[in-house]
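Take a look at the structure below.
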Amino acid sequence: MEDWMSDGPITMEQILSDWARGAFLAAYPGTVPDGLSAGVVPTADEQFGDYQCNAAMALAKVLKKSPREIAAALAAAARPAAVERLEVAGPGFVNFFLDPEWMARRLEQVQADERLGVPEPGRGRTVVIDYSSPNVAKPMHIGHIRSTVIGNALDRLHRFLGWRVLADNHLGDWGTQFGLLIMGFRHFADPAAYESAPIDELERIYVKSYDKSKEDPAWLDAARAELVKLQQGDAGNRALWQSFVEHSLREFNRIYRRLDVSFDLVRGESHYNDRLPGIISKLREQELVRESEGALVVFLEDEKLPVCIVRKSDGAYNYAATDLATVTSRAEEFQPEAVIYVTDERQQLHFRQVFAIARKMGLATRLVHVWFGLMRLPEGTFSTRQGNVIKLERLLDEAEERALAIVKETSPQMDEARQREVARAVGIGAVKYADLSQNPQSLVTFTWEKALALEGNSAPYLQYACARIASVLDKYRERFPGGDPMAHPIRLGEPLERRLAVRLLRFPDAVVRAAEVYKPNLLADYLYELSQVYSAFYQNVPFLKAGEGVRESRVRLCDLVMKVLRRGLTLLGIETPDRI
RNA sequence: GUACCUGUAGCUCAAUUGGACAGAGCAUCUGACUACGGAUCAGAAGGUUGGGGGUUCGAUUCCCUCCAGGUACGCCA
């Protein structure tokens, strides 16, 4: 077999696609377009083999030959070692059937590899991932979980794929709300409440101050004045603001700890405050900005985008200016290959505008907006005003409680501390998985039932599979004290073993692809499918009762499944306890 | 008004970016050896992919149009 580890591992799809490309070029020299995508992909149905190549049909027009003839030429080429046989089917599909012997040897190599065959295409390049980014003085609610959990999964995926990741929590810590907050704090604050539950108190104050501003113009003017003082560096206001930020962060960090999320940088909008005038002068120098109705705006008709205000008519900077300052600062300081923003769908236009302006300013960094659908409640959008927000902390509490009830029922022999620990991992895992297992861009309607699902396609199903394997491995050691599975080769005899092997070998592609298209759900799907095949294997193929040799081979497969599930779930930020 | 997004089984969601008969999980119905852990497994049933046109060998995917819902759009972030 090929020496796939010598230059870093390559994935199954890469091996087969490279081969197919080479075979096409050899069969039709000079006529195959350079950009040919000879993509070999997993088949949807086992009867068509393990992988398929569909390029023959696409090539038919270019080569002016029938697709079946082209497919036949591919099928007749010298096969790669991984492939047992090739078949032409339908209008011109080429089906690949992998060789069980080859798979067995490859799995043995994967088992010995800490990275389980996953390559490192990042090659040390830098990427900034901007996610979570809650607003200071407001509680995190269920709407924040998507950015946090999806962003964190992308963070972990990129790190594992060899990127130097800078996870940046771009706090909303600057803006007009602070005038109202300062006024409110001076008049309505309850010091004891502020100490014990700072964000709840700040929220209460804000709402009260906001309501008052609606009916009292003098109050609103005073709030504006406080904001100006804050922005001019007034010591008292500055100290208050600082206190708001610190108290908020304390609460955010409590949630991040529960979610096992951490950042390399926590830089709020205020961090870039000093750079705002510089951005405006640069835009002026490059003649990108124009005055309109007192405001400074950038026209983006050439990009088919509406006009973008970068400085308001009262001289204050807005969100676009802050984000331009932020992105140029990141580019200068870290020279990233890419900056990834993880926010909800409402900011699509904003980022398209900011990216367009950044490009006009000469910024070459790849900028990506990974947006996700807004979280809604069955009765509609939630809002602070309607009072129907569900706080993130409450969701996590509820998840752990429900999980605890089930653990107590199913594992009564476990001591209580252990039960709580398992319930924590299972509950938090379920909440994360509920978000990570669906396409980020779909609309999400929040229901308790879905967020806390503990069976079927859910984190606990995967955790259960892991726990069961851990238990099997223990039993093996108990019953066969001198046994060493690694001393025996892997054999793929049963159809279910073969199916399992094919799934196991797809892991690297699942990881690479999930990161490439910014969709953790592709990895979640993969892990779920692997678990399903494993569960079928577990239920239908005896292994501890099998004869020596076969037994060890099957134990090795179990071990591999556990390693892949653990690694995959870790990449999604989900824990895998030994027992659940 | 303009732009973007969404619409798939009763419900909640997938579908490797144009591939083969559209797949899972809930829920419903049938089954599973005193067994390595039943949070499981084997199976059944469930569909005009919002409607209608078009491109293509081939469309949930691309184009046009209509319907329904959502979001954003010169001084909130």
Side-chain angles (χ1 to χ4, degrees), chain A residues 13 39 41-45 47-48 52 54 57-58 60-61 66-67 89-93 95 133 135 172 174-177 269 292-297 304-314 316 318-320 322-323 344-350 352-353 371 373-374 376 380-381 406-407 409-411 426 434 437-439 441-445 447 449-450 453-458 460-461 463-465 467-476 479 506 509-510 513 517 519 521-522 524-526 528-529 532 535-546 554-555 558 579-580:
Chain A
E13 290 182 32
V41 297
T43 50
D45 189 327
Q47 64 167 302
F48 302 127
Q52 62 180 9
N54 306 325
M57 291 168 291
K61 280 215 182 79
S66 91
F93 297 108
N95 297 331
S133 310
N135 287 323
W174 204 246
T176 45
Q177 77 268 28
E269 290 158 8
S292 169
E293 297 171 36
L296 286 179
V297 304
K304 288 186 185 155
L305 290 171
V307 66
C308 179
I309 296 183
V310 291
R311 202 183 72 184
K312 301 191 284 182
S313 53
D314 65 1
N318 66 2
Y319 193 31
T322 310
D323 267 346
D344 71 52
E345 61 180 322
R346 290 176 300 185
Q347 305 202 26
Q348 281 184 86
L349 176 58
H350 165 72
R352 282 171 65 195
Q353 291 176 318
W371 59 265
L374 210 53
R376 301 159 49 76
T381 316
I406 291 174
V407 173
E409 203 179 299
T410 55
S411 304
V426 168
S437 62
Q438 64 182 297
N439 186 328
Q441 302 190 343
S442 56
L443 289 169
V444 176
T445 303
T447 60
E449 187 192 28
K450 198 192 340 165
L454 299 174
E455 49 189 10
N457 188 358
S458 67
Y461 179 92
Q463 291 168 322
Y464 178 69
R468 224 160 37 167
I469 294 172
S471 171
V472 164
L473 298 180
D474 286 350
K475 284 259 161 55
Y476 174 81
R479 291 200 202 164
R506 285 181 188 166
D509 280 307
R513 184 161 180 81
V517 298
K519 286 183 174 180
N521 70 303
L522 296 181
D525 278 354
Y526 164 81
Y528 181 61
E529 197 194 329
Q532 278 183 308
S535 293
F537 168 67
Y538 172 88
Q539 207 86 18
N540 297 298
V541 179
F543 26 94
L544 292 186
K545 286 186 284 188
R554 289 179 182 163
V555 166
C558 286
R579 299 281 180 273
I580 73 169

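Reminder, nothing fancy here: chain letters follow the sequence lines and each chain counts from 1. Bear in mind the structure is a predicted one, so any value in this text is a computation, not a measurement.
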Query raised in the report: Under 4.0 angstrom, heavy atoms only, what part of the nucleic acid is A:Pro542 near: base, sugar-phosphate, or nothing?
Result: base

Query raised in the report: Does A:Ser292 use its side chain to pair, donor to acceptor, with the backbone of A:Ala295 at less than 3.5 Å?
Result: no

Query raised in the report: What integer distance in Å separates A:Gln441:CD from B:U17:P?
Result: 15 Å

Query raised in the report: Roughly how many Å is it from NZ in A:Lys61 to P in B:C57, rounded to a whole number?
Result: 5 Å

Report summary line: Rounded to whole Å, CG of A:Asp474 lies from C1' of B:C36 at a distance of 12 Å

Query raised in the report: Can any side-chain N or O of A:Glu345 pair as donor or acceptor with the backbone N or O of A:Leu374 at less than 3.5 Å?
Result: yes

Requested in this report: Tell me what A:Asn54 touches on the nucleic acid: a base, only sugar-phosphate, or nothing, going by heavy atoms under 4.0 Å.
Outcome: base

Query raised in the report: Step by step, would you call A:Tyr461 with A:Tyr528 a ring pair (Phe, Tyr, Trp, His ring centres under 6.0 Å)?
Result: CA-CA 8 Å; A:Tyr461 179 92; A:Tyr528 181 61; 5.2 Å; yes

Requested in this report: Using a 4.0 Å heavy-atom cut-off across all strands, classify A:Val555 as base, sugar-phosphate, or nothing.
Outcome: nothing

Query - Toward the 5' end of RNA chain B, by each residue's nearest nucleotide, A:Glu269 or A:Val541 - result: A:Val541

Requested in this report: Answer yes or no: does a side-chain N or O of A:Gln532 lie under 4.0 Å from OP1 or OP2 of B:G25?
Outcome: yes

Report summary line: Taken to the nearest whole Å, CG/A:Asp525 to C1'/B:G25 is 12 Å

Report task. For A:Ala89, report the nucleic acid contact type (base, sugar-phosphate, nothing); a contact means any heavy atom under 4.0 Å. Result -> base

**Report entry** Short side-chain N/O contact to B:U6 OP1/OP2 from A:Asn439, under 4.0 Å
**Finding:** no

Query raised in the report: Counting any heavy atom closer than 4.0 Å, what does A:Tyr528 reach on the DNA or RNA strands: base, sugar-phosphate only, or nothing?
Result: sugar-phosphate

Query - C1' gap between B:A45 and B:G31, integer Å - result: 15 Å

Query raised in the report: Taking only side-chain nitrogens and oxygens of A:Tyr461, does any of them come within less than 4.0 Å of OP1 or OP2 of B:C41?
Result: yes

**Report entry** Stacking check A:Phe48 vs B:A20 (5.5 Å / 30 deg)
**Finding:** yes

Report summary line: Assert: residue with more 5' nearest nucleotide on RNA chain B, out of A:Arg479 and A:Thr176, is A:Arg479

**Report entry** Side-chain touch A:Arg311/A:Asn318, heavy atoms, less than 4.5 angstrom
**Finding:** no

Query raised in the report: Between the side chain of A:Asp509 and the main-chain N/O of A:Glu13, is any donor-acceptor distance below 3.5 Å?
Result: yes

Query raised in the report: Would one find a side-chain N or O of A:Tyr464 under 4.0 angstrom from OP1 or OP2 of B:A39?
Result: yes

Report task. Side chain of A:Ser292 only, please: which of B:G74, B:A20, B:U16 is the nearest? Result -> B:G74

Requested in this report: Ignoring backbone atoms, establish whether A:Arg468 has a side-chain N or O less than 4.0 Å from OP1 or OP2 of B:G38.
Outcome: yes

Report task. Examine B:C13: is either OP1 or OP2 under 4.0 Å from a nitrogen or oxygen in the side chain of A:Lys450? Give yes or no. Result -> yes

**Report entry** Short side-chain N/O contact from A:Ser471 to OP1 or OP2 of B:G37, under 4.0 Å
**Finding:** yes

Query raised in the report: Using atom C1' of each nucleotide, how far apart are B:U56 and B:C29 to the nearest Å?
Result: 42 Å

Report task. Would you mind classifying the nucleic acid contact of A:Ser442 as base, sugar-phosphate or nothing, using non-hydrogen atoms under 4.0 angstrom? Result -> sugar-phosphate

**Report entry** Separation between the C1' atoms of B:A27 and B:C63, rounded to whole Å
**Finding:** 39 Å

Query raised in the report: Would you say A:Phe93 stacks on B:A20, if stacking means ring centres under 5.5 Å apart and planes within less than 30 degrees?
Result: yes

Report task. Round to a whole Å and report the spacing from CZ of A:Arg352 to C1' of B:C5. Result -> 11 Å

Query raised in the report: Is the distance from OP1 or OP2 of B:U2 to the nearest side-chain N or O of A:Lys304 less than 4.0 Å?
Result: no

**Report entry** Between B:C26 and B:A39 - C1' atom distance, rounded Å
**Finding:** 14 Å

Query raised in the report: A:Gln348 near the nucleic acid: base, sugar-phosphate alone, or nothing, with a heavy-atom cut-off under 4.0 Å?
Result: sugar-phosphate

**Report entry** Nearest to side-chain heavy atoms of A:Met57, which nucleotide of B:G19, B:C75, B:A39
**Finding:** B:G19

Requested in this report: Could you work out the separation of B:C66 and B:C4 based on their P atoms and round it to a whole Å?
Outcome: 14 Å

Requested in this report: For B:U49 and B:G18, measure between their C1' atoms and round to the nearest Å.
Outcome: 16 Å

Query raised in the report: So what does A:Leu305 hit on the nucleic acid, given a heavy-atom distance under 4.0 Å: a base, only sugar-phosphate, or nothing?
Result: nothing

Requested in this report: Under 4.0 Å between any heavy atoms, over every strand shown, what does A:Val307 touch: base, sugar-phosphate, or nothing? Just pick one.
Outcome: base

Requested in this report: Remember a base hit wins even if backbone is also touched, and classify A:Ala60 as base, sugar-phosphate or nothing at under 4.0 Å, heavy atoms.
Outcome: nothing

Query raised in the report: Looking at side-chain heavy atoms only, is the closest gap between A:Trp371 and A:Arg346 below 4.5 Å?
Result: no

**Report entry** C1' atoms of B:U16 and B:U12, separation to the nearest Å
**Finding:** 22 Å

Query raised in the report: Just checking A:Leu349: base, sugar-phosphate only, or nothing, at a heavy-atom cut-off of under 4.0 Å?
Result: sugar-phosphate

Query raised in the report: Can A:Phe543 be called stacked on B:C36 when the rule is centres closer than 5.5 Å and an angle between planes below 30°?
Result: yes

Report summary line: In whole angstroms, the gap separating C1' of B:G74 from CG of A:Asp314 amounts to 13 Å

Query raised in the report: With sugar-phosphate meaning primed atoms plus P, OP1 and OP2, does A:Arg346 contact a base, only sugar-phosphate, or nothing at under 4.0 Å between heavy atoms?
Result: sugar-phosphate

Query raised in the report: B:C13, B:A39, B:C57: which one has an atom nearest the side-chain heavy atoms of A:Ile580?
Result: B:A39

Report task. Can you check whether any acceptor in the base of B:U71 is under 3.5 Å from a donor in the side chain of A:Glu345, or vice versa? Result -> no

Query raised in the report: Just how far, in rounded Å, is P of B:U16 from CD of A:Gln52?
Result: 12 Å

Query raised in the report: Base, sugar-phosphate, or nothing for A:Ala295, non-hydrogen atoms under 4.0 angstrom?
Result: base

Query raised in the report: How would you label the contact of A:Asp323 with the nucleic acid (heavy atoms, under 4.0 Å): base, sugar-phosphate, or nothing?
Result: nothing

Requested in this report: Go through A:Asp474 and A:Arg579 one step at a time and tell me if the salt bridge (charged side-chain N to carboxylate O under 4.0 Å, His left out) criterion holds.
Outcome: CA-CA 11 Å; A:Asp474 286 350; A:Arg579 299 281 180 273; 2.4 Å; yes

Query raised in the report: Does A:Lys519 have a side-chain nitrogen or oxygen under 4.0 Å from the phosphate oxygens OP1 or OP2 of B:A14?
Result: no

Report summary line: Taken to the nearest whole Å, CD/A:Glu529 to P/B:G25 is 11 Å

Query raised in the report: Is the side chain of A:Gln353 donor-acceptor paired with the backbone N or O of A:Pro306 at a distance under 3.5 Å, no angle test?
Result: yes

Query raised in the report: Taking C-beta and beyond as the side chain, do A:Tyr538 and A:Arg468 meet within less than 4.5 Å on heavy atoms?
Result: yes

**Report entry** A:Ala467 backbone acceptor or donor facing A:Ser471 side chain under 3.5 Å
**Finding:** no

Query raised in the report: If we take the C1' atom in both B:A59 and B:U8, what is their distance in whole Å?
Result: 14 Å

